[in-house]
**Q** 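If you scroll down you'll find the structure; I have some questions about it.
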Amino acid sequence: MAEEAKWYVVHTYSGYENKVMTTLMQAVESRHLEDSICEVHVPTETVVEIGKDDKQKEVERKLFPGYVFVKMVMTDESWYIVRNTRGVTGFVGSATKPIPLTEQEVANLGVEKKQVEVNYSVGDTVQIIGGALEGFTGTVESIDVDNNVVKVIVSMFGRSTPAEVELRQAVLVE
């Protein structure tokens, strides 16, 4: 691959996001474009809704209705395939050239989950190297890789205080 794949945002008719995703993936498979169109993603979240009879149920809701995220290498062919998929109204960006998301935007939107490897576990002593508690040392109480958070018990003013920091903001004390 000459170029690296980037994330682009595609505007769709509302309610057609999953249909566009399925159709695009079928087109990629049938035309063997796996090298130029890598991923198609509709960001969703699971929320708890309370129904009429006070019953709670989990519902999956789209984070960005009317938009589909596509990781692709922009070529004339890949642009044509995406642009002419049924339900797609166009790319987000200027009229002539789609603009890819920056790495910061990808991270903020949570489009791509990056695996953070940690070399500490529950019960280990860690040094906090970023954020408001930078410089403090504490004991790891829990690690939540999915939400990129580690809960650390820090001694502040002679008291044990729980604090949450990002996984990358804590390092193992040797």
Side-chain angles (χ1 to χ4, degrees), residues 1-118 130-133 142-151 163-170:
M1 245 185 333
E3 219 182 307
E4 190 179 328
K6 294 185 171 88
W7 284 100
Y8 293 88
V9 181
V10 178
H11 192 268
T12 67
Y13 294 124
S14 190
Y16 277 70
E17 301 88 356
N18 292 334
K19 182 78 173 144
V20 166
M21 181 174 69
T22 306
T23 306
L24 251 177
M25 292 314 294
Q26 288 170 347
V28 166
E29 209 171 290
S30 67
R31 296 177 188 225
H32 305 291
L33 295 173
E34 291 87 356
D35 288 342
S36 53
I37 300 176
C38 310
E39 281 182 67
V40 182
H41 184 62
V42 178
T44 59
E45 66 179 346
T46 305
V47 293
V48 177
E49 287 185 354
I50 299 174
K52 294 177 185 173
D53 40 350
D54 290 336
K55 290 196 177 178
Q56 293 184 353
K57 65 178 181 176
E58 287 190 356
V59 177
E60 199 162 284
R61 186 169 59 189
K62 292 176 185 72
L63 287 174
F64 307 104
Y67 295 96
V68 174
F69 293 83
V70 181
K71 187 173 187 175
M72 61 189 266
V73 177
M74 187 57 72
T75 63
D76 289 342
E77 185 180 20
S78 63
W79 177 87
Y80 182 83
I81 296 295
V82 173
R83 182 66 187 88
N84 291 300
T85 299
R86 186 181 182 126
V88 171
T89 59
F91 282 90
V92 172
S94 69
T96 54
K97 187 171 186 270
I99 300 170
L101 294 173
T102 64
E103 283 191 30
Q104 186 64 44
E105 289 171 329
V106 170
N108 291 346
L109 294 172
V111 176
E112 200 170 51
K113 296 278 186 210
K114 295 215 179 199
Q115 277 303 98
V116 178
E117 294 206 12
V118 293
L133 299 173
S142 67
I143 300 172
D144 186 353
V145 178
D146 294 336
N147 293 319
N148 192 34
V149 171
V150 58
K151 189 179 274 186
E164 283 188 354
V165 295
E166 289 182 25
L167 291 174
R168 62 180 175 75
Q169 291 181 329

**Q** Compute the centroid of each ring, for Y67 and then for H11, and state whether the two points are separated by less than 6.0 Å.
**A** yes

**Q** If I take atom CG from residue L33 and atom CD1 from residue I81, how far apart are they, to the nearest 0.5 angstrom?
**A** 5.5 Å

**Q** What I'd like to find out is whether the side chain of M72 reaches to under 4.5 Å of the side chain of V82, using heavy atoms alone.
**A** yes

**Q** Does atom CD of E29 have more than 12 heavy-atom neighbours, drawn from other residues, nucleotides or ligands, at distances under 6.0 Å?
**A** no

**Q** Hey, does the side chain of E105 reach the backbone of E103 with a donor-acceptor pair shorter than 3.5 angstrom?
**A** no

**Q** I'd like to know whether NZ of K151 has more than 12 heavy-atom contacts from other residues, nucleotides or ligands below 6.0 angstrom.
**A** no

**Q** For E17 and G66, indicate whether the former's side chain and the latter's backbone hold a donor-acceptor pair under 3.5 Å.
**A** yes

**Q** Counting heavy atoms not belonging to Y13, are there more than 12 under 6.0 Å from its OH?
**A** no

**Q** Distance from S36 atom OG to K71 atom NZ, nearest 0.5 Å?
**A** 13.5 Å

**Q** Is the closest side-chain heavy-atom distance between V70 and L24 below 4.5 Å?
**A** yes

**Q** Mind checking whether W79 and F91 have parallel, tilted or perpendicular rings, split at 30° and 60°?
**A** parallel

**Q** Roughly how far, to the nearest 0.5 Å, is OG1 of T22 from OH of Y16?
**A** 13.5 Å

**Q** Let me know which of V28, V88, T85 forms a side-chain contact (heavy atoms from CB on, under 4.5 Å) with T23.
**A** T85

**Q** Are any of the side-chain heavy atoms of V68 and V40 separated by less than 4.5 Å?
**A** yes

**Q** Which pair of heavy atoms, one from A170 and one from V165, lies closest together, and at what distance?
**A** CB-CG2, 4.3 Å

**Q** With heavy-atom distances below 4.5 Å as the criterion, would you say the side chains of L101 and F69 are in contact?
**A** yes

**Q** Roughly how far, to the nearest 0.5 Å, is the CE atom of M74 from the CD1 atom of I37?
**A** 9.0 Å

**Q** A quick test of your reading: do over 12 heavy atoms of other residues, nucleotides or ligands sit less than 6.0 Å from CG of D76?
**A** no

**Q** To the nearest 0.5 Å, how far apart are CZ in R86 and NZ in K19?
**A** 8.0 Å

**Q** Between V10, V42, T12, which is the residue that forms a side-chain contact (heavy atoms from CB on, under 4.5 Å) with M21?
**A** V42

**Q** Do P100 and W7 have side-chain heavy atoms sitting under 4.5 Å apart?
**A** no

**Q** Short question: side chain of T44, backbone of K62 - any donor-acceptor pair under 3.5 Å?
**A** no

**Q** Would you indicate whether E34, at its atom CD, is surrounded by more than 12 heavy atoms from other residues, nucleotides or ligands within a distance under 6.0 Å?
**A** yes

**Q** Looking at NE2 of H41 and CD of E39, how far apart are the two atoms once the value is rounded to the nearest 0.5 Å?
**A** 8.0 Å

